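Structure record follows, encoded as structure tokens.
All figures in this text were calculated on a predicted structure; none of them were measured in a lab.
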Amino acid sequence: MSEEKEIVKEEETVTEKSKKELKAEKKEEKKALKQVEELEEKNRELLDKITELNKKYEETDKEKDLWKNKYYQAYADLSNTRKQIEKEGQEFKDYANKSLITELIPVLDSFDMAFKTEPEDEKIKNYLIGFKMIYSKLLEFLDKMHVEVISPEIGADYNPHLMEALSVIPGEEDNKIKEVFYKGYKLHSSLLRAASVLITKKQENEQKSEESEKASDSEEE
């Protein structure tokens with residue numbers, strides 16, 4: 001009888017231990033579930049922050065592109081404005097130079113006319129030496145101003161774009177320069193004054209005689 005009581009007692013003790021262990025396990029399980037929930041919550045918060053950061057990055061990237069485009073536009077506008085200012089400044093400079101050089105042309109003509117004659121008086125010869133020095137300085141000045149002097153050579157072809165034929169005389173060939181009255185002047189691509197020249201024109205009688213000679217030569221052949 002006493003043995004049976006002891007067995008029952010042992011069974012009750014084992015049952016009580018099992019209950020305690022089960023209770024402890026449930027407690028640990030709840031604790032673990034709570035930790036999992038907390039981790040999931042933290043993961044959700046982290047994902048939300050990552051999503052927000054990505055959104056801000058995209059907005060920042062768009063803003064960066066916007067400012068970059070504004071910068072390039074401002075740079076292009078500034079570059080165009082600078083070019084326009086330089087162009088207008090050059091045009092004003094060319095206009096001022098053109099006015100100055102136009103006023104100098106009659107002076108240069110006077111020098112050219114003076115140098116065409118050879119004086120016999122020694123005083124005048126000495127004056128001419130001084131005039132030539134001044135004339136040389138004027139030509140150096142014109143060269144710095146990018147002025148081209150149009151000085152046709154005798155016997156050269158007549159160029160209607162740079163020259164003006166004041167008179168025509170009979171000659172052996174057409175459109176050959178026989179005499180230069182005045183030199184011409186060009187500032188960059190702008191013609192300030194055409195060179196004034198005398199040109200030749202072949203006479204019709206000579207042309208006809210040449211044509212008849214050619215015809216007779218061809219007949220003899």
Side-chain angles (χ1 to χ4, degrees), residues 82-221:
R82 179 178 57 80
K83 288 177 182 177
Q84 184 64 27
I85 291 170
E86 287 177 357
K87 183 183 176 184
E88 289 176 358
Q90 186 61 45
E91 287 175 354
F92 177 77
K93 187 178 177 182
D94 289 345
Y95 175 77
N97 290 342
K98 186 176 180 180
S99 300
L100 174 62
I101 294 159
T102 303
E103 289 181 6
L104 279 176
I105 288 175
V107 179
L108 296 167
D109 290 340
S110 298
F111 277 114
D112 288 330
M113 292 294 290
F115 298 148
K116 282 182 180 179
T117 57
E118 188 65 34
E120 296 181 0
D121 192 291
E122 289 298 323
K123 280 188 177 181
I124 297 176
K125 283 183 179 180
N126 290 331
Y127 286 141
L128 279 178
I129 292 171
F131 291 158
K132 285 179 180 179
M133 290 176 65
I134 297 169
Y135 182 71
S136 177
K137 292 294 182 184
L138 284 173
L139 291 180
E140 287 179 10
F141 170 75
L142 292 178
D143 186 57
K144 287 179 182 178
M145 294 293 104
H146 305 286
V147 175
E148 180 185 347
V149 181
I150 304 166
S151 183
E153 293 183 2
I154 304 301
D157 291 331
Y158 171 67
N159 184 346
H161 301 293
L162 300 175
M163 305 170 197
E164 180 185 6
L166 298 184
S167 186
V168 180
I169 60 171
E172 295 180 357
E173 294 181 86
D174 279 333
N175 295 325
K176 292 294 181 180
I177 296 167
K178 189 69 176 175
E179 187 180 348
V180 179
F181 298 118
Y182 297 105
K183 293 177 182 178
Y185 297 92
K186 249 178 90 175
L187 176 63
H188 298 297
S189 59
S190 177
L191 183 65
L192 300 177
R193 189 184 72 180
S196 302
V197 295
L198 172 69
I199 62 171
T200 59
K201 183 172 178 60
K202 202 170 187 180
Q203 289 182 324
E204 292 183 5
N205 292 336
E206 290 181 1
Q207 288 178 345
K208 287 179 180 179
S209 62
E210 282 186 5
E211 288 174 2
S212 62
E213 284 178 9
K214 287 180 182 177
S216 62
D217 288 341
S218 60
E219 287 174 3
E220 287 177 2
E221 290 177 358

- Query: Could you walk me through whether L198 and L166 pass the side-chain contact (heavy atoms from CB on, under 4.5 Å) check?
  - Reply: CA-CA 6 Å; L198 172 69; L166 298 184; over 6 Å; no

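- Within the 4.5 Å cutoff, side-chain heavy atoms of F111 are placed close to those of L138.
- A distance of 12.5 Å separates CD of E173 from CD1 of I199, quoted to the nearest 0.5 Å.
- K202 NZ to E172 CD: the interatomic distance, rounded to the nearest 0.5 Å, is 8.5 Å.
- Smallest separation of non-hydrogen atoms from A114 and L128: O-CD2, 4.1 Å.
- Taking all atoms of both residues into account, the shortest heavy-atom contact from R193 to K183 is NH2-O, 2.6 Å.
- Of all the heavy atoms in E153 and I177, the pair that sits closest is O-CB, 3.8 Å.
- For Y127, the OH atom sits in a loose shell: 12 or fewer heavy atoms of surrounding residues, nucleotides or ligands are nearer than 6.0 Å.
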- Task: Carefully, step by step, assess D112 and Y135 under the rule side chain to side chain donor-acceptor pair (under 3.5 Å).
- Result: CA-CA 9 Å; D112 288 330; Y135 182 71; 2.9 Å; yes

- Item | Check against side-chain contact (heavy atoms from CB on, under 4.5 Å), T200 and D174 | CA-CA 6 Å; T200 59; D174 279 333; over 6 Å; no

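- Of all heavy-atom pairs between L191 and H161, the closest is CD2-O, 3.5 Å.
- Taking both residues in full, the closest heavy atoms of V168 and K201 are given as CG1-CB, 3.5 Å, listed atom of the first, atom of the second, then distance.
- A 4.5 Å side-chain heavy-atom check between L142 and L108 finds at least one atom pair inside the cut-off.
- Side-chain contact between L187 and I101 is present, with at least one heavy-atom pair separated by less than 4.5 Å.
- Annotation: K178, atom NZ; neighbour count of heavy atoms from other residues, nucleotides and ligands within 6.0 Å does not exceed 12.
- Environment of OH in Y158: crowded, with over 12 heavy atoms of neighbouring residues, nucleotides or ligands closer than 6.0 Å.
- At a threshold of 4.5 Å between non-hydrogen side-chain atoms, the residues L162 and K186 count as touching.
- Under the 6.0 Å distance and 45° angle rule, K132 counts as a cation-pi partner of F115.
- For L192 against K98, the heavy-atom pair with the smallest separation is CD2-CG, 3.4 Å.
- If you take CD on E164 and CG on N159, they are separated by 13.0 Å, rounding to the nearest 0.5 Å.
- I105 has its side chain within reach of Y185: a pair of non-hydrogen atoms, C-beta onward, lies under 4.5 Å apart.
- The main-chain N or O of P106 is found under 3.5 Å from a side-chain atom of S110 such that the two form a donor-acceptor pair.
- For the pair F181/V197, no side-chain contact is recorded, criterion being any heavy-atom separation below 4.5 Å from C-beta on.
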- Task: Evaluate side-chain contact (heavy atoms from CB on, under 4.5 Å) for V147 paired with F141, printing each intermediate quantity in order.
- Result: CA-CA 9 Å; V147 175; F141 170 75; over 6 Å; no

